[in-house]
Enquirer: 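One structure follows; several queries about it will come next.
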Amino acid sequence: MALTKRKTKSTTPDAKRSKFKVDLSGHGGNYEDIDDVPPTIHDEDIESEEDDFNKDDESVEEEEEETLEAKKLRLAREYLSKVQEEDDESDDGSEDDDSVDRVGKRIERDRLRKSGLLQTHLAESILSGVESMRGHVVKTLGEAASTVSPEKYAKAWLDQKYISYHRGHDLTPTCVALSQGGDMAFSGAKDGSVIRWDIEAGKKESYILPAIKNSHAYSEESTLNYRNEREILAVTSSYDDRYLAVGGRDNCVRIFDIRTLGKSGCKPISKMEGHKKAVTSLSFRNRTLDLYSGSEDRCIRRYDLNAMTYVETLYGHQSPVISIDCANKNRPVSVARDRTVRVWKVEEDSHLVFRPGGGIGSAECISAIQDGWFVTGHDDGRLALWREEKKRPVGNVPAAHGNTGAVPRGVMCCDALSMSDVLATGSNDGYLRLWKITTEEKQTGIEALDNIPIHGHINSLAMGPGGKFCVAAVGQEPRLGRWDRVPRAKNRFAIIKLSGNDDGSSSDSD
């Protein structure tokens with residue numbers, strides 16, 4: 001810092017003063033008497049060295065700030081140039097204003113895609129893909145295509161490798177889940193086993209939980225040792241592919257770290273207890289580590305996997321909870337045997353109750369399409385589209401999977417590709433059915449797209465990213481019981497090829 005100016009005055013003109021003079025030659029200093037020296041006024045500005053250092057630091061910081069801002073500006077210009085070049089490649093000779101609008105819309109689409117709110121339309125591309133595959137199968141069968149039995153027709157799709165079955169579970173598979181990127185899949189079964197699958201290679205990677213081979217076997221981690229008490233009923237994975245949640249008839253939720261599977265003996269890193277009956281459904285909230293579990297004890301429990309803790313219990317259902325799902329907002333949706341559909345406003349500590357109406361059976365499954373829109377499948381074969389602002393379904397498809405005599409087949413599972421217009425459903429009629437969902441203001445509803453033959457009970461479905469494929473749990477028996485059995489069906493994990501692209505055509509609204 002700079003010192004203040006100092007003035008030195010001589011009080012008497014003729015006064016003698018002594019001054020210490022420094023000898024620079026190294027012989028030391030000596031005193032000399034200086035006589036008759038006229039008085040002078042000395043103005044001295046003494047500056048400290050800290051000023052120089054501070055100035056240097058400020059200049060360096062300014063240069064660094066300028067460099068950072070320049071880098072941001074350069075990256076922004078490069079991104080805009082890239083978007084402009086891609087837009088110019090598809091330019092149809094429109095005016096500059098239209099070009100600017102297209103660039104703005106492209107940037108908005110990129111922002112929505114990163115936040116998971118981009119609306120995509122994949123129904124048409126999936127339909128064309130399934131029709132193309134059917135054409136190849138019919139060409140292979142020749143004239144017998146019109147008279148072949150459904151079982152042989154399904155085998156023809158297997159021979160063309162459009163569908164692949166994979167062994168691993170001894171008893172009926174009950175649930176499947178996919179990783180965010182679609183490269184890994186997980187499946188659980190009634191034999192108590194959970195398997196990790198490599199989708200690209202189409203093979204089993206490892207057992208996360210081994211199967212119980214005998215009706216009564218010893219288990220180190222549970223006092224519930226009977227085989228039917230270790231049935232796995234639900235699996236789900238987090239959006240960042242870090243955690244896998246597994247629930248079943250042992251009344252607890254096990255949490256596994258996907259990144260260390262196979263390295264630590266496949267033991268759970270946490271075990272969430274609290275449910276008094278079987279855990280029938282699990283769901284992560286999109287892009288978070290909030291986990292919800294539904295149980296036959298009529299409760300829904302919420303967990304925070306950031307801290308690996310239980311948060312709260314949601315009460316309201318009067319019968320066992322069968323299925324639960326959650327979109328981007330913290331509003332999970334659930335169905336139960338009490339014939340109600342409920343939307344839970346967790347932050348407001350309340351919930352909405354939807355009743356499908358008289359004569360409609362209880363729902364077996366539910367899938368959230370986007371915030372405020374969801375689909376339910378019922379045990380009387382009805383497929384219903386719901387909007388959060390309406391108390392009644394805005395779209396209905398009765399007997400979506402046909403009839404057995406005069407009785408409609410129930411919809412056992414459904415899965416909608418998030419933020420898209422594609423829905424897949426499964427039952428025991430021998431077909432995986434695809435549907436187009438319309439959520440526009442003036443036109444809402446469910447329209448049948450196509451079907452793919454699969455022999456057996458389809459107990460669970462998971463759509464792959466971009467609608468390029470889906471995985472299914474196919475078995476001889478239904479997921480929650482043994483009241484029906486499909487002859488000659490096999491207990492398999494299935495990979496079904498579809499057609500779609502990663503981007504699709506997208507809307508500009510969120």
Side-chain angles (χ1 to χ4, degrees), residues 114-117 175 177-181 184 186 188 194 196 208-209 221-222 232-248 250-261 264 266-317 320-336 342-352 366-368 370-372 374 388 418-419 462:
K114 291 180 180 179
S115 61
L117 298 175
C175 49
L178 273 172
S179 63
Q180 184 72 15
M184 291 184 299
F186 307 91
V194 178
R196 177 182 178 179
I208 300 174
L209 287 177
E221 60 181 20
S222 177
I232 304 299
L233 300 178
V235 293
T236 186
S237 62
S238 60
Y239 79 102
D240 56 358
D241 296 339
R242 290 171 57 190
Y243 300 118
L244 175 71
V246 179
D250 55 358
N251 309 344
C252 68
V253 179
R254 293 181 177 87
I255 308 298
F256 295 87
D257 192 336
I258 298 177
R259 300 167 295 180
T260 60
L261 288 179
S264 59
C266 294
K267 291 185 177 181
I269 61 175
S270 181
K271 189 176 180 181
M272 306 293 187
E273 297 179 338
H275 283 297
K276 295 179 176 59
K277 291 186 178 180
V279 178
T280 56
S281 58
L282 293 167
S283 178
F284 277 100
R285 177 188 169 195
N286 283 355
R287 312 184 78 81
T288 69
L289 292 179
D290 290 342
L291 175 66
Y292 293 92
S293 64
S295 171
E296 290 182 351
D297 61 4
R298 303 176 295 175
C299 296
I300 296 173
R301 291 171 67 89
R302 178 189 175 195
Y303 309 93
D304 181 9
L305 296 197
N306 283 309
M308 287 294 167
T309 58
Y310 156 79
V311 178
E312 62 180 329
T313 301
L314 307 178
Y315 298 96
H317 281 296
V321 179
I322 302 301
S323 182
I324 189 171
D325 200 5
C326 192
N328 294 287
K329 290 183 179 179
N330 199 8
R331 291 190 174 187
V333 291
S334 62
V335 293
R342 299 179 187 248
V343 177
W344 303 88
K345 298 182 178 180
V346 177
E347 297 176 355
E348 291 86 356
D349 197 18
S350 64
H351 67 277
L352 303 174
I366 189 169
S367 181
Q370 54 183 290
D371 290 330
F374 48 92
E388 193 173 298
S418 180
M419 299 301 298

Enquirer: Run the salt bridge (charged side-chain N to carboxylate O under 4.0 Å, His left out) test against Asp371 and tell me which residues pass, sequence neighbours left out.
Expert: none
Enquirer: Please check if the side chain of Asn328 supplies one atom and the backbone of Asn286 the other of a donor-acceptor pair under 3.5 Å.
Expert: no
Enquirer: What's the separation between atom CG in Leu289 and atom OG in Ser238, rounded to the nearest 0.5 Å?
Expert: 5.5 Å
Enquirer: Can you name the residues that form a salt bridge (charged side-chain N to carboxylate O under 4.0 Å, His left out) with Arg342, not counting sequence neighbours?
Expert: Asp338
Enquirer: Taking Asp325 for the side chain and Ala368 for the main chain, is one N or O donor matched with an acceptor at less than 3.5 Å?
Expert: yes
Enquirer: Under 3.5 Å, is there a donor-acceptor pair between the side chain of Ser270 and the main chain of Ile255?
Expert: no
Enquirer: Any side-chain to backbone donor/acceptor pair from Thr280 onto Val321? Under 3.5 Å, distance only.
Expert: yes
Enquirer: Roughly how far, to the nearest 0.5 Å, is the CG atom of Asn251 from the OG atom of Ser293?
Expert: 11.0 Å
Enquirer: Output all residues satisfying side-chain contact (heavy atoms from CB on, under 4.5 Å) with Lys345, sequence neighbours left out; order by chain, then residue number.
Expert: Arg331, Glu348, Ser350, Leu352
Enquirer: The criterion is ring pair (Phe, Tyr, Trp, His ring centres under 6.0 Å); which residues satisfy it with His275, sequence neighbours excluded?
Expert: none
Enquirer: Would you say the side chain of Val346 lies within less than 4.5 Å of the side chain of Asp290, judging by non-hydrogen atoms?
Expert: no
Enquirer: Mind checking salt bridge (charged side-chain N to carboxylate O under 4.0 Å, His left out) for Asp257 and listing every partner two or more places apart, or none if nothing turns up?
Expert: Arg259
Enquirer: So, does Ser295 use its side chain to make a donor-acceptor pair with the main chain of Lys277 at under 3.5 Å?
Expert: yes
Enquirer: List in chain and number order the residues that pass salt bridge (charged side-chain N to carboxylate O under 4.0 Å, His left out) with Asp297, two or more places apart in sequence or in another chain; answer none if no residue qualifies.
Expert: none
Enquirer: For the atom pair OG (Ser237) and CZ (Phe284), what is the distance rounded to the nearest 0.5 Å?
Expert: 7.5 Å
Enquirer: Within this structure, what is the CD1-CD1 distance for the pair Ile322 and Ile366, rounded to the nearest 0.5 Å?
Expert: 12.0 Å
Enquirer: CG/Leu282 to CZ/Arg254 distance, rounded to the nearest 0.5 angstrom?
Expert: 12.0 Å
Enquirer: How long is the span from the CD1 atom in Ile232 to the CZ atom in Phe186, to the nearest 0.5 Å?
Expert: 14.0 Å
